[in-house]
Amino acid sequence: MFSQFFGSYLLRKEVITSEQLAEAISKVSETHIKLGTLAIHSGYMVASEVDEVCYLQSREDKRFGEIAIERGYLTEDQVKELLKIQTPYYLLLGQCLVDMGAITNTDLQDCTIGYESENELIDIDLSNESTDKIRQLIERFFVIAEIPVSEYSVMYMELLFNNLIRFIGDDFTPLTPFPCAEYPTNYCVTQEINGEVNCKSRIDMPRDVAIEFASRFINEDFETFDDYVQASIEDFMNLHNGLFVVNMSNSFSIELNLQPPAIETEDVLQLSEATFILPIIYPFGTIHILISLVDA
Amino acid sequence: MGSTKKILICDDSIMARKQLKDSISQCDIDVEFIEGNNGQDAVDLYKANQPDMVFLDIVMPIKDGATAAREIREFDNNAIVVMASSIGTQQQLKNAIEAGAKDFIQKPLDFAQVKKIIKAHLGGE
């Protein structure tokens with residue numbers, strides 16, 4: 001899950017703008033990782049050496065690896081090793097931002113080191129994600145937004161991110177959540193959980209984004225904003241909140257009541273202080289999750 | 001292949017009903033589907049049609065799945081009621097079984113699971 005938060009880290013460090021991030025996310029699927037980016041990330045080369053090899057590449061008709069070996073920056077074995085690495089999403093996103101000219105290789109080098117040390121990441125493929133580290137990451141995400149964190153809200157968010165990865169795709173970036181008094185709706189589905197923990201959750205997105213979201217969720221190509229698309233968004237919410245209710249029962253023996261999902265009819269929502277908005281950028285558009293979670 | 005079976009599907013999501021219908025249609029049985037979108041529909045449609053099998057969502061408007069299952073079993077003690085839901089807490093499973101559900105199917109639906117349930121209760125391949 002660390003990959004998804006790299007974009008919001010770059011925004012927080014004011015290295016890029018949200019427009020640049022959205023553009024990079026929409027281009028990331030077409031981006032191929034470059035050997036230079038992997039070499040920086042593996043610590044075999046520094047950004048200035050990669051820049052030098054890229055410059056030489058523009059003058060000589062040779063591959064990056066060949067020049068890097070000639071200059072003594074990489075060995076043949078290192079090149080072979082780098083070519084086998086499964087690229088994590090956040091490096092691809094970083095590469096995309098470099099290709100766009102939004103950041104330099106040096107920025108990327110500094111930011112990946114900063115991001116990895118902030119989250120104590122060691123493995124390049126991030127396969128050893130521990131639950132504790134993910135919880136810390138989510139907690140930090142709320143602290144930065146100056147939103148109070150409770151054990152249940154961290155659980156709720158962790159499940160949400162996992163469900164997005166599992167059912168919609170891992171190619172998203174959550175932006176820092178923020179409180180909001182008024183919210184103009186697009187297509188908005190709402191659902192309540194009542195009991196010892198009370199949660200009102202909403203998912204909102206424009207119709208064209210809903211078509212793409214539903215297509216991914218159901219694994220069918222929807223073309224119009226029809227009843228099936230609308231029901232699919234409700235189903236996602238119901239599935240996510242249903243799993244939360246199950247987890248609360250299994251982990252804490254807390255039995256909660258889940259209300260059926262409903263379509264929000266208000267054009268502009270008046271929100272309580274406890275509500276925060278979490279924008280999530282996918283290549284096909286941005287969805288907004290509105291959550292108000294209160295322990296009774 | 002036997003005679004046409006009547007299957008009642010009650011779920012407030014048109015998408016969930018479609019997915020279940022698509023899966024059942026791939027099983028080797030002749031089926032006539034009856035659909036409802038809340039728990040009260042489930043009870044009324046069961047009484048009116050007396051289907052061979054009924055799939056109920058747990059969380060539904062007007063009347064929840066467990067209450068509908070109980071009322072259906074009161075009307076017909078042999079009713080084959082299957083709860084279909086993403087929600088499967090031990091308590092809810094217990095409620096569903098106490099209400100008379102004969103089986104439980106987890107959403108998102110898995111075709112193999114649907115096929116197994118259809119075969120167990122209605123036959124077919």
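Note on naming: letters A, B, ... go to the chains in the order of the sequence lines (proteins, then strands), and numbering restarts at 1 for each one.
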- Task: Would you sort out whether B/M15 and A/S232 count as a side-chain contact (heavy atoms from CB on, under 4.5 Å), showing the intermediate values?
- Result: CA-CA 6 Å; B/M15 192 67 229; A/S232 303; 3.4 Å; yes

- B/D12 vs A/P261 side-chain heavy atoms within contact, under 4.5 Å: yes

- Query: Which one of A/M248, A/E255, A/Q259 has the most heavy-atom pairs closer than 4.5 Å to chain B?
  - Reply: A/E255

- Residues of residues 262-270 of chain A within contact distance of chain B, non-hydrogen under 4.5 Å: none

- Can you tell me if NZ on B/K6 sees more than 12 non-hydrogen neighbours from other groups inside 6.0 Å? yes

- Query: At what distance, to the nearest 0.5 angstrom, does CD1 of B/I14 lie from CG of A/D226?
  - Reply: 8.0 Å

- Note on the structure: Distance col, row B/S85:OG vs A/L258:CG, nearest 0.5 angstrom, shows 8.0 Å

I'd like a table of donor-acceptor pairs (distance under 3.5 Å, sequence neighbours excluded) in which one partner is a side-chain atom from residues 205-218 of chain A, with atom names and distances.
unit_1: A/S215; atom_1: OG; unit_2: A/I211; atom_2: O; d: 2.7
unit_1: A/S215; atom_1: OG; unit_2: A/E220; atom_2: O; d: 3.3
unit_1: A/S215; atom_1: OG; unit_2: A/F222; atom_2: N; d: 3.1
unit_1: A/R216; atom_1: NH1; unit_2: A/I168; atom_2: O; d: 3.1
unit_1: A/R216; atom_1: NH1; unit_2: A/D171; atom_2: OD1; d: 2.9
unit_1: A/R216; atom_1: NH2; unit_2: A/D171; atom_2: OD2; d: 2.9

- Which heavy atom in A/P260 sits nearest to a heavy atom in B/P61, and how many Å separate them? CG-N, 3.6 Å

- Which heavy atom in B/A16 sits nearest to a heavy atom in A/D235, and how many Å separate them? N-OD2, 3.5 Å

Extract all donor-acceptor atom pairs below 3.5 Å that involve side chains of residues 36-44 of chain B and protein atoms in other chains or at least two apart in sequence.
unit_1: B/N38; atom_1: OD1; unit_2: B/Q40; atom_2: N; d: 2.9
unit_1: B/N38; atom_1: OD1; unit_2: B/D41; atom_2: N; d: 2.7
unit_1: B/Q40; atom_1: OE1; unit_2: B/K63; atom_2: NZ; d: 2.6
unit_1: B/Q40; atom_1: NE2; unit_2: B/D44; atom_2: OD1; d: 3.0
unit_1: B/D41; atom_1: OD2; unit_2: B/N37; atom_2: N; d: 3.0

- Residue part contacting chain B, namely of A/D227, when any heavy atom lies under 4.5 Å: both

- Query: Checking heavy atoms, do the side chain of A/F244, its backbone, both or neither come under 4.5 Å from chain B?
  - Reply: neither

- Partner set under side chain to side chain contact (heavy atoms under 4.5 Å, CB included) for B/F111, not counting sequence neighbours: B/S23, B/Q26, B/C27, B/K115

